[in-house]
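Dropping a structure here in structure tokens format, bear with me for questions.
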Protein chains: 2
Amino acid sequence: MNLKELSSLLGLSQTTVSRALNGYPEVSEKTRARVVQAAQAHAYSPNTRAQGLATGHSKCIGHVISVSDSAEMVNPIFGDFMAGAGETYSAHGYDMMVTRVGTQDEADTYRSLKARGAVDGIVVHAPRRNDARLALLDKIGLPYVVHGRSTGIKTPYSWLDVNNTRAFSEATSYLASLGHSRIALINGQETMDFAIRRRSGYESSLRFAGLSIDSALMSTGEMTEAYGYTQANAMLELDQPPTAFLAASIICAAGIRRALDERGLRVGQDVSIATFDDCLSYFGNGGDQPVFTAWQSSVRAAGATLAQMLIDRIRAPHAPHITTLWEAEFVLGASTGSAPGTSKD
Amino acid sequence: MNLKELSSLLGLSQTTVSRALNGYPEVSEKTRARVVQAAQAHAYSPNTRAQGLATGHSKCIGHVISVSDSAEMVNPIFGDFMAGAGETYSAHGYDMMVTRVGTQDEADTYRSLKARGAVDGIVVHAPRRNDARLALLDKIGLPYVVHGRSTGIKTPYSWLDVNNTRAFSEATSYLASLGHSRIALINGQETMDFAIRRRSGYESSLRFAGLSIDSALMSTGEMTEAYGYTQANAMLELDQPPTAFLAASIICAAGIRRALDERGLRVGQDVSIATFDDCLSYFGNGGDQPVFTAWQSSVRAAGATLAQMLIDRIRAPHAPHITTLWEAEFVLGASTGSAPGTSKD
DNA sequence: ACGGCATTCCAAAGCGCTTTGACAAGTGTG
DNA sequence: CACACTTGTCAAAGCGCTTTGGAATGCCGT
């Protein structure tokens, strides 16, 4: 069923039917009702491609997952982000396109997405410091919003970020206030802007607390369970092992806990764990008694909000940029306690 | 840059340029080379929508994530699946569209995807028993492949599945052979076909081993970490608690381990855990000493293979259906051991 | 009765591509 | 040298929609 068929069926012109369905005022309410009903009855939906050709918009948003070819990792965060974004998209009649690409082909992918007119805008994931993608997107004229920020980029752009510096600063201070002086940071990959911010929050609080910054207590890597486990184990072998861990993700934190459990160390008593928590649906940290003491911020909510920001941006490409900074929420869990030897224990 | 511009720039007709780029034989190699070079120089990519309109194909594959509105869960498996599928798609010039939808709107989504011509085919995820989606897709004529199978569907369809029955049967037998007589099954949602198969494999091996089937040792639910934890805890409170757990996913298994650790039970000694492992990139179970004894099958590989199957199917919609059954691979990990009180321990 | 003004509808152009059918130019044959 | 073929190219139609610029209709006041 297409426009031509539907309109001849109704004895109307294509113009009128099209206008009726798209809510234009030039058509009487009576005929509009008739058209809408007929469209529903015959399950007519305008052909996306034809509509796109005629309007010049694809009504589609692109997400590029860049997969470093060596590791082939897909962060589970992505799924939750897309669920949030997808909700917004479908509410506004947008489709969502996902492209998987090796990191070195990323620029070509953006260019192609634009040249082919495949998408009206894109979400930039996992921005790096001085991320070259932003300038590229500006140059080719593809609207975008950034999930996170890119330190060093001078030109304005729209972003939504969690205050990572603050969260990790608070977390570090919190652990220090419990008497911990050897606090380890199990960070994400420090090519990512957010990881850099997290480290700086951590370091500044260490300094503020008068604690030494020990590179042996800092690690950076892909935030897998195995990574948390391996790093925790390595650090616990040190002459002066940490008494507290600060993890970049609840998945890492799970790995750290495994290392502690395996060594017979009691989490929250012998060794503390605090973590950032993206509120992934498959790794709940809620309930009456949260497992981990955490600074949390829902990545699903971020997806929903960023999607809205992008849609607004596509509608008004020259509107001033919107930037949003969310504060992570503190949740006290069972994984932290006073440092061993401090006060009562 | 579009076809018209490019062709007038070359002093050729649009026809010739189009044919040159699409590899038609009617154009001399000399002009083809000239055209290809110019296209590259001017970063010309044909407009996807126009191309789609003209050809009738969208060169796009749909994936529908149906999110039960109550829970809003997104299985991390999805990310790995898409990474695998995405690789195949981009190799064949296909785009990937993801639609998030509440379960009750799923049928409408498929219909709309077809009516709008948005996709050339789709991948059906998480099939249920007697899944109504397959008949719907057949009816509306949207090519598809199924990740898994749907018991009860008589008409042929293309699928790729892991031999879940066998894997869980083997796993149960394995645990029984270690002397375990109280073996718990922490299953996925038994609305899903794969979960039903897993249970049947589990039960048949229990029977074969002469062990009783105790519904108190079986649970079904969304395979989150918290679910594994909660169920394990509940079962360990039973008068006759299990000495072994069989988990549906490595994420559940992590929850079970947490419950054991918390109770001071040694994994692989006091209580064993075996699990199915989808080889998620963020939850590696590999290495020299795998954490869990597992039956594994890469969901990423499944994605890549199913994508290929779908593309083939789109090319030849009336070709006989292809069905593929993969066997899960056994991996001995540290999480299983003889039942307490059995032989040496 | 007639011009003026909304109101309601339409024919046709155009979006950027593929593809059909036709046409020059070049090649070989008798 | 005329003939039939191949080879390389093109103009134009068409994919299904939106949108521009009219045109017909009905209603008003004068």
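Convention: sequence-line order gives letters A, B, ...; per-chain numbering from 1. If you're wondering where the values come from, they're calculated on a predicted model, not measured in any experiment.
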D:dG16 P sits how many Å from B:K114 NZ, rounded? 12 Å

So, is B:S28 close to the D:dT9 phosphate, meaning a side-chain N or O under 4.0 Å from OP1 or OP2? yes

Under a 3.5 Å threshold, yes or no: a donor from one side chain and an acceptor from the other, between B:D193 and B:S150? no

Should the ring pair B:H125 and B:H147 be called parallel, tilted or perpendicular, given that the plane angle runs from 0 to 90° and is split at 30 and 60? perpendicular

Please state whether the phosphate of D:dC15, meaning OP1 or OP2, lies under 4.0 angstrom from any side-chain nitrogen or oxygen of A:N47. no

A:Y44 and A:L6: which non-hydrogen atoms are nearest, and at how many Å? CD2-CD2, 3.8 Å

Among C:dT19, D:dG16, C:dC17, which nucleotide has an atom closest to any side-chain atom of A:A50? D:dG16

Which heavy atom of B:L21 sits nearest a heavy atom of B:A39, and at what distance? CD2-CB, 3.9 Å

Taking 4.0 Å as the cut-off, does a side-chain nitrogen or oxygen of A:T16 come that near to OP1 or OP2 on C:dC9? no

Ranking D:dG16, C:dC17, D:dT18 by distance to the side chain of A:Q14, first place goes to D:dT18

B:S158 side chain to B:V145 main-chain N or O, any donor-acceptor pair under 3.5 Å? no

By nearest-nucleotide position on DNA chain D, the 5'-leaning member of A:Y44 and B:V27 is B:V27

B:A54 side chain, from C-beta outward: closest of D:dT20, C:dT18, D:dG16: C:dT18

Would you tell me if any nitrogen or oxygen in the side chain of A:S13 comes within less than 4.0 Å of OP1 or OP2 on C:dA11? no

Below 4.0 angstrom from OP1 or OP2 of D:dT19, is there any side-chain N or O of A:T55? no

Between the base of C:dT19 and the side chain of B:T15, is there a donor-acceptor distance below 3.5 Å? yes

Please state whether the phosphate of C:dC15, meaning OP1 or OP2, lies under 4.0 angstrom from any side-chain nitrogen or oxygen of B:N2. no

Rounded distance in Å - CG (A:L3) to P (D:dT19): 12 Å

Quick one: is C:dT19 close enough that its OP1 or OP2 comes under 4.0 Å of any side-chain N or O from B:Y24? yes

